[in-house]
There are 2 protein chains.
Amino acid sequence: MQTTGEPPGAGHVCTHHRSEASCAECQVRLVSVCAALTGEELGLLEALSQQIHLDPRHALFRQGDDANAVYNVTEGMLRLSRLLPDGRRHVMGFAMVGDFLGLALPARFTVTAEALGPVRLCRFEKRAFAALVADKPHLLQRLHERAGYELTLAQDHMMLLGRRTAEEKVASFLLSLRERYGRIGQTSVTLELPMGRQDIADHLGLTIETVSRMLTRLDREKAILIVPGGVRLLDGGRLESLAAA
Amino acid sequence: MQTTGEPPGAGHVCTHHRSEASCAECQVRLVSVCAALTGEELGLLEALSQQIHLDPRHALFRQGDDANAVYNVTEGMLRLSRLLPDGRRHVMGFAMVGDFLGLALPARFTVTAEALGPVRLCRFEKRAFAALVADKPHLLQRLHERAGYELTLAQDHMMLLGRRTAEEKVASFLLSLRERYGRIGQTSVTLELPMGRQDIADHLGLTIETVSRMLTRLDREKAILIVPGGVRLLDGGRLESLAAA
DNA sequence: CGGTGGCTTGAGTGCCATCAATTCCCGTGG
DNA sequence: CCACGGGAATTGATGGCACTCAAGCCACCG
């Protein structure tokens, strides 16, 4: 029925007035750019924010769209991808709880962001947000720190794409996901993998078949256990040695 | 004699008092983070700056060093690389005139920066520079913009590493280099390639042999002409079609 | 003139992509 | 409750692109 991407049915972006009592009580604040803002700054930010949610498989924005808003993820996960003219795709990464979309306040989005499951976000109209940032160096500071972190993630990923074998890529991917879950307080040994195998493949520069084979191999070797919707990490040490740092 | 990297002889980092009359007369200012600063800001920045130069093959800093300074390149080119524990290397990029090293004001450098030829830089002691940045949002703004640009470069490069063939990689590399030279006013059809084949290979996730083969193939097809120290771009259109966007 | 380092070229191999079924999973309807 | 259908994931067979190993070329230099 559907050829690609677009979900069936009528569900699309829905906006609501905030359901959280306030930013001050937000579960996500401490792991996002909002952390360590003063009470005053937080109040100003809150005044600009609008809570929205996104149904699975729906795009929040697309590569090339002009960016008239920026977002903070408060629930769920999104896939960030870019397309080559000939259709080849690369998944730049996955935005998790606490991640900020539009860090650099770009004129146009350079990636497409699609919900992997139900997603909730704080939306900020860009013009107003940029004005607040210009007025509050402290907030700009936080954005810049975050951008620096993204830059090191990007470097790690370039190293992975350029110089690692398929098995190392998959092992590294699982470990980096565990690390990012850890950062937001999710420390279960069972990793949720809300993205599909094709998404992982396009993230790691592999084919879906190779991803599947490597996961199966890791499972056979008892480093992981494949479970519906994710994997259980059985032998973190072994994964780390396979990831080659 | 030397096993790797380290140059012979006694040449090392040398510091000088500024030889340029002032930042205001700096040739490089308009293409770097210093562009569009007010006269006052420029004066403050100048007071912190120290002009240094670096001999070919010498490291400015190494991956893991604590970053007690940041730099602006005013002449020459540096290779930015990271090492995997087992020795595999990835060249994250090449810093050219106008590029800023230490954008994110990190605690430790995440890459090693080595001079590919004679290099001149403006050095800023990090503590003082950070204090200036904290005081001058305008400067932070510029740094952040630049970081955003670096982030898009990183995304382009990830796409290249993950989803492109050897020939596309080499063609894209030449074009992106031309684009970057263009940004700093170097518009000659002859591209200087101060880095070696191994550096290009480690940048593109290929082997030196493959890089060499692809360059000679492009030469045979009359898309480029290999000349000592660089290449002459004969057929930009052809390169663009080979680069597949 | 031999030595050295960078680059190119050639032959063989291996890892991962490609092509092709098959199985698994899960929601749907009989 | 089970048959059915469709998408996702897995598994198998084959092949090609890029890697590996190795030799040769060339410019430069002591």
Side-chain angles (χ1 to χ4, degrees), chain A residues 1-9 56-57 79 86-90 116-117 160-171 173 193-220 224-231 242 244, chain B residues 1-9 56-57 79 86-90 116-117 160-171 173 193-220 224-231 242 244:
Chain A
M1 186 181 294
Q2 301 292 134
T3 55
T4 174
E6 285 314 303
R57 304 180 57 76
R79 175 183 64 218
D86 63 9
R88 280 175 290 179
R89 188 180 73 154
H90 184 75
L116 292 172
L160 178 146
L161 289 168
R163 284 284 172 248
R164 288 174 129 105
T165 66
E167 185 171 49
E168 290 171 346
K169 285 178 178 181
V170 172
F173 172 68
L193 296 178
M195 70 294 288
R197 298 290 191 267
Q198 185 66 61
D199 295 330
I200 299 175
D202 286 345
H203 185 48
L204 301 180
L206 297 171
T207 58
I208 184 174
E209 295 93 332
T210 300
V211 171
S212 180
R213 274 186 254 272
M214 293 305 143
L215 285 173
T216 307
R217 184 193 293 180
L218 292 175
D219 184 299
R220 262 202 309 273
I224 67 174
L225 179 65
I226 298 176
V227 299
V231 299
L242 288 176
Chain B
M1 184 181 294
Q2 301 292 135
T3 56
T4 173
E6 285 312 306
R57 305 181 57 77
R79 174 182 64 218
D86 63 8
R88 280 175 289 180
R89 189 181 72 154
H90 184 75
L116 292 172
L160 177 146
L161 289 169
R163 284 284 171 249
R164 290 171 127 104
T165 66
E167 185 171 48
E168 289 170 348
K169 285 177 178 182
V170 172
F173 171 68
L193 296 177
M195 71 293 288
R197 298 290 192 267
Q198 185 65 60
D199 295 329
I200 299 175
D202 286 345
H203 184 49
L204 301 179
L206 297 171
T207 58
I208 185 174
E209 295 94 332
T210 301
V211 170
S212 180
R213 274 187 256 272
M214 293 304 141
L215 284 174
T216 52
R217 184 195 291 182
L218 292 175
D219 184 300
R220 262 200 310 274
I224 66 173
L225 179 66
I226 297 176
V227 300
V231 299
L242 288 175

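Note on naming: letters A, B, ... go to the chains in the order of the sequence lines (proteins, then strands), and numbering restarts at 1 for each one.
- For Ile226(B) and dC26(D), the CD1 to P distance is 15 Å, given to the nearest whole Å.
- Counting heavy atoms from C-beta on, the side chains of Val231(B) and Leu225(B) never come closer than 4.5 Å.
- In this structure the side chain of Glu168(A) never reaches within 4.5 angstrom of the side chain of Leu160(A), judged on heavy atoms.
- Following rounding to the nearest Å, Gln198(A) (CD) and dG7(D) (C1') show an atom-to-atom distance of 13 Å.
- The nearest whole Å value for the distance from the CZ atom in Arg220(B) to the P atom in dT8(C) is 12 Å.
- Using a 4.0 Å cut-off on heavy atoms, the residues of residues 209-218 of chain B that approach DNA chain D are Glu209(B), Thr210(B), Arg213(B), listed by number.
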At under 4.0 Å between heavy atoms, which parts of nucleotides 21-26 of chain C does protein reach? Answer with one letter per nucleotide, 5' to 3': B base, S sugar-phosphate only, - none. ------
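- In this structure, the CG atom of Leu204(B) is 12 Å from the P atom of dA18(D), given to the nearest Å.
- The closest side-chain heavy-atom distance from Leu242(A) to Val170(A) is not below 4.5 Å.
- Judged as a ring pair (Phe, Tyr, Trp, His ring centres under 6.0 Å), and not counting sequence neighbours, His90(A) has no contacts.
- Comparing atom distances between the Ala166(A) side chain and each of dT18(C), dG6(C), dC16(C) picks out dC16(C) as nearest.
- Residues Ile200(A) and Leu206(A) have side chains not in contact (no heavy-atom distance under 4.5 Å, counting atoms from C-beta outward).
- A straight line from CG of Leu161(A) to P of dC16(C) spans 14 Å, rounded to a whole angstrom.
- Contact check on Arg89(A) versus Asp199(A) returns a salt bridge, with a Lys/Arg side-chain nitrogen under 4.0 Å from an Asp/Glu carboxylate oxygen.
- Salt-bridge check for Arg163(A) with Asp202(B): passed, with a basic side-chain N closer than 4.0 Å to an acidic carboxylate O.
- Mapping Leu206(A) and Arg197(B) onto DNA chain C by nearest heavy atom places Arg197(B) at the nucleotide closer to the 5' end.
- In terms of modelled atom types and a separation under 3.5 Å, the side chain of Thr216(A) and the main chain of Ser212(A) share a donor-acceptor contact.
- Proximity of a side-chain donor or acceptor of Arg164(A) to a complementary backbone N or O of Ala244(A) within less than 3.5 Å is detected.
- Between Glu167(B) atom CD and dC17(D) atom C1' the separation is 12 Å, expressed in whole Å.
- Taking atom CZ of Arg164(B) as the reference point, atom C1' of dA18(D) lies 18 Å away to the nearest angstrom.
- Between the P atom of dA17(C) and the CD1 atom of Ile208(A) lies a distance of 12 Å, rounded to the nearest Å.
- Gly205(A) comes within 4.0 angstrom of the backbone, heavy atoms only, and of no base.
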